[in-house]
Amino acid sequence: MSPRLAGLWLVLALLVSGCDAGTPGTGSASPGEQAASTASPTPSEPPVAALVVGDCTGDVDLSGASITGVPAVPCTGSHYYEVHGVIPVTGEAWPGADALGEQAKTACTASFTTYVGVAAEYSRYTSAYLAPDETAWAVPANRAITCLAGSADGGLVGSAKGDTLIFPVEGQCTGPQDVTAQALKVLDCAAAHYYEVFATKEITGRKPPTTAEEQKLFTSVCQQGFKEFVGVDVGKSKYEVTYFLAGADVWTKVADHRIVCSAGSPGGGVKGSLKGVKK
């Protein structure tokens, strides 16, 4: 593609409301236009049109109006987004940002569900897209919408394809847990954090656990697991135990049917693992 006609891509996000950390709730997807800064492509920032499904990227600036390239990085390393769909746009005339946004809302929403395996409302990934502006549209090869799945906070490792989890996994540390599941931040356990996931258990069956079954799971997996992990009963510890579990109202929509137990402090300030601290 000629540098003179490299063009700019509008960066837009399909913002979805989060899910409650303990009981995921429903959300709705709506496009929100945000501008990105203009920059010249570099060897590490290929033009958007060069991205294909399965590619992963570095940070994508969603605060400006347009961009010319996106930093490409290996999916096996830390990254921000992954391409889950490239949607061709037909026609000779530039359809305009609003029309592209409507097409992206429909096409990228469907692509996200197929690629990730669950709707964005019930995923830990955010859905976003890149669409050509009028300058980029002048090059026929640019006439496509690039759909992304990822996180504005970065830190993702591995592919989003088929990753239907919404809650953190064993060994991960997090920020405060009084937030929606999608807003929960995964932090470096070596740095200051709030909680550490120490146990999970997959719940089989098509029906959600009853209140009595949920309490039994909490006792056997979380409370007993806390004693084994921290080295002291939760009632005698300075730390508390929390858990995530999808609610009955969204059980059939959320694919993550695990009870996820964490140890930590609502005040934060925890550094390193709590394994064997015995306090």
Side-chain angles (χ1 to χ4, degrees), residues 11-22 24-25 27 29-37 39 44-45 51 54-64 67 69-84 108 112 115-130 146-197 242 244 254 256 260 262 264-266 268-272:
V11 183
L12 307 103
L14 298 180
L15 305 178
V16 296
S17 62
C19 302
D20 182 85
S30 60
E33 184 174 343
Q34 295 179 309
S37 59
S44 62
E45 287 192 345
L51 295 174
D55 282 349
C56 290
T57 79
D59 193 10
V60 178
D61 185 358
L62 299 178
S63 64
I67 60 174
V70 175
V73 298
C75 294
T76 52
S78 180
H79 60 273
Y80 285 73
Y81 294 98
E82 180 174 349
V83 179
H84 64 79
C108 290
F112 185 103
Y115 192 83
V116 178
V118 66
E121 296 97 311
Y122 309 106
S123 170
R124 66 191 182 103
Y125 299 108
T126 296
S127 181
Y129 66 93
L130 307 174
T146 302
C147 307
L148 306 174
S151 169
D153 296 321
L156 302 176
V157 178
S159 177
K161 187 174 184 178
D163 181 2
T164 59
L165 299 184
I166 191 171
F167 303 129
V169 300
E170 189 171 342
Q172 288 186 325
C173 293
T174 78
Q177 294 188 351
D178 57 345
V179 297
T180 64
Q182 288 175 317
L184 183 68
K185 293 186 180 298
V186 175
L187 305 175
D188 184 351
C189 290
H193 57 274
Y194 288 69
Y195 295 94
E196 179 181 0
V197 178
T242 65
F244 296 96
V254 174
D256 192 354
V260 177
S262 302
S265 169
V270 180
K271 289 188 176 180

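One-based numbering along the sequence shown.
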Side-chain heavy-atom pair [X], [Y] within 4.5 angstrom cut-off:
X: P168; Y: Y195; answer: no
X: S262; Y: T174; answer: no
X: T146; Y: V70; answer: no

As an exercise, state the distance from [atom1] of [X] to [atom2] of [Y], rounded to the nearest 0.5 Å.
X: L165; Y: Y125; atom1: CG; atom2: OH; result: 8.0 Å
X: D55; Y: C75; atom1: CG; atom2: SG; result: 7.0 Å
X: C147; Y: Y81; atom1: SG; atom2: OH; result: 13.5 Å
X: F112; Y: L148; atom1: CZ; atom2: CG; result: 11.0 Å
X: L156; Y: Y80; atom1: CG; atom2: OH; result: 9.5 Å
X: Q182; Y: S151; atom1: CD; atom2: OG; result: 10.5 Å

Between [X] and [Y], what is the shortest heavy-atom contact and its length?
X: D59; Y: P71; answer: O-CG, 3.6 Å
X: D163; Y: R124; answer: OD2-NH2, 2.7 Å
X: P74; Y: C56; answer: C-CB, 4.4 Å
X: V157; Y: T76; answer: CG1-O, 3.3 Å
X: G171; Y: C189; answer: O-SG, 3.5 Å
X: A192; Y: L187; answer: O-CD1, 3.9 Å

Is [X] reaching over with its side chain to a backbone N or O of [Y], donor-acceptor style, under 3.5 angstrom?
X: D256; Y: F167; answer: yes
X: H79; Y: T57; answer: no
X: Q177; Y: Y194; answer: no
X: E196; Y: G264; answer: no

Query raised in the report: Can you tell me if E82 and Y115 form a side-chain donor-acceptor pair at under 3.5 Å?
Result: yes
